[in-house]
Structures are given as C-alpha cells and as structure tokens.
Q: 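Okay, here's the structure, questions in a sec.
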Number of protein chains: 2
Amino acid sequence: MDQFHAYLAKNQLKSTRQRDLIAYKFFSTEGHISIEELLALSRTENPRIGYATVYRTLKLLTECGLAAMRRFGDGQTMYETAGDTEHHDHLICIECGHVLEFQNEEIEREQERVARSFGFNLVRHRLELYGMCPKARGIKGGSCPHDDASKSLRALRPSRS
Amino acid sequence: MDQFHAYLAKNQLKSTRQRDLIAYKFFSTEGHISIEELLALSRTENPRIGYATVYRTLKLLTECGLAAMRRFGDGQTMYETAGDTEHHDHLICIECGHVLEFQNEEIEREQERVARSFGFNLVRHRLELYGMCPKARGIKGGSCPHDDASKSLRALRPSRS
DNA sequence: GTCCCTGCAAACTATTTGCACCGGG
DNA sequence: CCCGGTGCAAATAGTTTGCAGGGAC
C-alpha cells in the first residue's frame with residue numbers, strides 16, 4: 001500500500017478513495033483474482049465503482065510491480081500480488097482447475113543460466129505446470145493438496161473443460 | 001498431416017479443401033503464427049477462406065495435439081506446431097519482442113520432480129523467460145541472437161510498451 | 001483553481017455462433 | 001443423399017477509451 005502511494009506520488013498521480021479501496025481489496029486477497037471478482041469485492045464497500053476504474057487501477061499496480069497478470073489458458077486474465085511477496089510459480093490441475101504455488105531454486109538458477117547463454121539479461125519469467133492432482137487421477141484416499149479449496153474463488157467458476 | 005487426417009477420421013469429421021490447406025500452411029510455418037497471419041497465408045491460395053474456418057481448424061489441431069496455443073502477454077494468441085517436434089520453451093526479448101526457443105533437460109527434470117512432490121501427474125507445462133537481448137542492452141558489437149530476424153512475422157507488429 | 005480521476009456508455013479487438021448453402025463420404 | 005463444413009455477418013466477451021462532471025492537492 002505504501003509502495004503504491006509512493007509510486008503515485010512519484011508520478012504526479014493522485015491517491016483517491018476508489019484506488020485505495022481497490023488496491024486494499026486486491027492486497028487482502030490470497031492467490032489469484034480476476035477483474036470481475038475484484039470489482040465485486042470492491043462494490044461491497046462502494047457499489048458505484050466501475051469496471052474501468054478497476055482496470056485502470058490494476059494497470060497502475062502492474063506498472064509499479066505490485067501486481068502481476070496471469071493467463072491460464074482458459075477464460076479471463078487473473079492477477080496476483082507481487083513484489084513484496086517472494087517469487088513463485090504455478091502448478092495447475094487440468095481436471096479441477098485448482099492452482100497451487102511453488103518455489104524451486106534449482107529451476108530459477110537454471111533459467112538464469114539459459115538466459116545468460118543466449119546473452120539475455122533475465123528480467124522475469126513465467127512457469128506453469130499443468131497436470132492431474134491425486135484426486136483427479138482417482139486415487140481414492142489420496143490426500144489431494146487442495147482438499148481445503150476454501151480460499152479459491154476460482155473454484156466457483158464452472159470449468160470449461 | 002497424416003495424424004490430422006487420422007484424428008478427423010476417428011471422430012467422423014471430414015477432410016476438406018479448406019482444412020487441408022490451413023493445416024498445410026500451418027505445418028509449413030516455423031516458430032509462431034497468429035490466426036491472422038495464418039489466414040493471410042491461406043488466402044494466398046484460396047482467397048475465400050474465412051476467419052471462422054481458421055479458428056475452427058486451429059481448434060481441431062489443438063485438440064489432437066498438433067498445435068499449441070501461446071499467449072505472450074501482448075496482443076493476440078499465437079500458435080505453434082507441437083507433437084512431432086520435440087518440446088521447447090521460450091525466451092522473449094522485452095525490448096524488441098523477438099522470440100527464441102530453447103530446450104533444457106535440467107529444468108524439465110526438475111519440473112517433473114516438483115509436480116511429483118505435490119502428487120501431480122505432469123502433463124504439460126509452459127515456461128517463458130523474459131529479458132533483454134544483447135542488442136537491446138546497448139552492447140554495440142553484441143551478436144544479437146536474432147540479428148537474422150528474417151523469419152519473424154511478429155517483428156512487424158509495433159511493440160506496445 | 002488545476003488537473004487528474006471517475007463512471008458511464010460507446011468503441012474496439014479477439015473469438016464464437018447462427019444460418020443458408022456447399023460438398024465429402 | 002446425409003450430415004458436417006464453410007463463409008458471411010451478427011453476436012459475445014474482455015478490455016479500452018471519450019467525455020462530462022467530481023475531487024485531490
């Protein structure tokens with residue numbers, strides 16, 4: 001939040017009620033959230049907020065590195081907090097659509113090496129692993145890593161398959 | 001091409017002039033191609049081909065695993081051949097937008113390990129590295145890996161940023 | 001007060017769909 | 001022949017933009 005305000009100030013942009021509310025709701029979210037979900041959340045506090053403002057605010061957040069855009073193949077674009085939290089990648093179940101996050105130093109290091117071997121200066125990357133979770137594979141007693149899917153707003157969306 | 005026809009036959013779908021042409025043009029392409037580019041290519045042989053047919057054909061190709069959809073952050077969706085060719089990942093220059101392909105066994109193996117550690121059965125993945133190529137970083141004599149940008153249709157598109 | 005910001009609606013872009021006619025098996 | 005495929009245009013979905021009025025600094 002402070003970083004956001006700092007960015008605004010540095011660019012002669014204003015801190016407004018709407019921006020603060022949207023940013024606040026965004027930072028309070030775990031995992032991934034879509035524009036639509038963020039709009040809905042924001043409207044619980046201020047029903048007059050419009051789509052455009054959410055889009056514009058999220059663009060600002062992305063510019064200052066506090067949000068990251070993700071497109072997981074299906075429907076709409078998802079956003080997640082970035083910057084203060086440490087980097088992570090994604091593991092997505094192709095059956096139930098749930099998204100897990102993970103970190104792996106070995107992969108990070110190797111990526112850096114690959115980029116350097118092409119003379120590139122690695123700035124960022126995106127790694128998504130798609131597979132079937134234990135439950136989806138029909139392992140009856142399999143402790144599916146996402147049995148506690150409580151935090152997943154995405155789970156509400158019907159999987160297109 | 002044969003695999004495509006096999007897939008069509010297996011699903012009681014027809015092999016038509018348009019599908020064959022589009023698929024042929026698609027397989028003749030190196031690297032990544034957009035719907036629009038593929039339509040343009042196809043129209044050089046048959047000007048009456050429509051957008052919808054290209055979309056529908058590419059959807060078929062994707063279903064049977066011969067094409068893969070890619071979304072590199074910016075504009076439109078790109079497609080590339082898959083299946084027969086061996087797997088590769090992407091290295092994208094954030095300055096000039098050029099896309100290189102690479103392979104790295106170490107990363108592949110590590111991904112497999114990560115997925116397994118979560119009980120997942122890894123089906124596919126997507127890895128994109130974004131960075132600045134030597135030229136973009138202002139290294140004068142730097143032999144930019146894409147000095148021969150001849151094959152890149154994408155280079156025509158103005159970079160948004 | 002000066003601009004930037006907001007909400008609305010219209011505009012845009014990428015993609016999908018309905019439908020009448022065409023053509024492959 | 002039959003049923004899926006095609007081309008067109010219209011419909012959608014997600015996102016962006018123009019503009020008149022409102023608010024932060």
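Throughout, a chain's letter reflects where its sequence line sits, starting with A, and its residues are numbered from 1. Given the structure is predicted, the values throughout are model-derived calculations rather than measurements.
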Q: If the threshold is 4.0 Å, N to carboxylate O, is there a salt bridge linking A/E106 and B/R113?
A: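 Salt bridge: no.
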Q: Measure from CZ on B/R56 to P on C/dT17 and round the result to the nearest Å.
A: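 For the pair B/R56 CZ and C/dT17 P, the rounded distance is 9 Å.
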Q: Closest nucleotide of DNA chain D for A/K14 versus for A/A52: which of these residues is on the 5' side?
A: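 Between the two, 5'-proximity favours A/A52.
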Q: Rounded to the nearest angstrom, tell me the gap between atom CG in A/L8 and atom P in C/dC4.
A: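 Result: 14 Å.
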Q: Could you state the atom-to-atom distance from NZ of A/K59 to C1' of D/dT15 in whole Å?
A: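 Going from NZ in A/K59 over to C1' in D/dT15 covers 9 Å.
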Q: Rounded off to whole Å, could you give me the CG-to-C1' distance for the B/D20 and C/dG24 pair?
A: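 Roughly 11 Å, once rounded to whole Å.
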Q: So, is A/T77 near the phosphate of D/dT15, with a side-chain N or O under 4.0 Å from OP1 or OP2?
A: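 For A/T77, the contact criterion (side-chain N or O under 4.0 Å from OP1 or OP2 of D/dT15) is met.
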Q: When you measure from the side chain of A/R19, which nucleotide among C/dC5, C/dG23, D/dT17 comes out closest?
A: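 The listed nucleotide nearest to A/R19's side chain is C/dC5.
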Q: With distance as the sole test, does B/T53 use its side chain to make a donor-acceptor pair with the main-chain N or O of B/I49 at under 3.5 Å?
A: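 Side chain of B/T53 to backbone of B/I49: no pair is present.
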Q: A/I49 has an atom CD1; how far is it from atom P of D/dG23, in whole Å?
A: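 Whole-Å distance recorded here is 14 Å.
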Q: Using only atom types and a distance under 3.5 Å, with no angle test, would you say the side chain of A/E45 pairs donor to acceptor with the backbone of A/S42?
A: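 Not at all, since once roles are kept as given, no pair shorter than 3.5 Å links the two residues.
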Q: Give a yes or no answer on whether the side chain of A/R19 reaches the backbone of A/K14 with a donor-acceptor pair at less than 3.5 Å.
A: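 Side chain of A/R19 to backbone of A/K14: a pair is present.
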Q: Should the heavy atoms of other residues, nucleotides or ligands under 6.0 Å from CG of A/D2 be counted, would the total exceed 12?
A: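 For A/D2, atom CG is not crowded (no more than 12 foreign heavy atoms under 6.0 Å).
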Q: Take atom CD of B/Q18 and atom C1' of C/dC22, then tell me their distance rounded to the nearest Å.
A: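 Computing the B/Q18:CD to C/dC22:C1' distance gives 9 Å.
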Q: From D/dA24, C/dG7, D/dG14, pick the nucleotide closest to the side chain of A/T16?
A: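 Side chain of A/T16 sits closest to D/dA24.
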Q: Heavy-atom nearest nucleotide on DNA chain C for B/Y79 versus A/R48: which residue maps closer to 5'?
A: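 Checking each residue's closest nucleotide, the 5'-ward one belongs to A/R48.
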Q: Counting heavy atoms from C-beta on, name the nucleotide in D/dT16, C/dC5, D/dC8 closest to the side chain of A/L13.
A: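 Among D/dT16, C/dC5, D/dC8, the one nearest the side chain of A/L13 is C/dC5.
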Q: Over how many whole Å does the gap from B/Y55 atom OH to D/dC8 atom P extend?
A: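 Value for this atom pair: 16 Å.
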Q: Between atom CZ in B/R17 and atom P in C/dG25, what is the gap in whole Å?
A: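 Those two atoms, CZ and P, are 11 Å apart.
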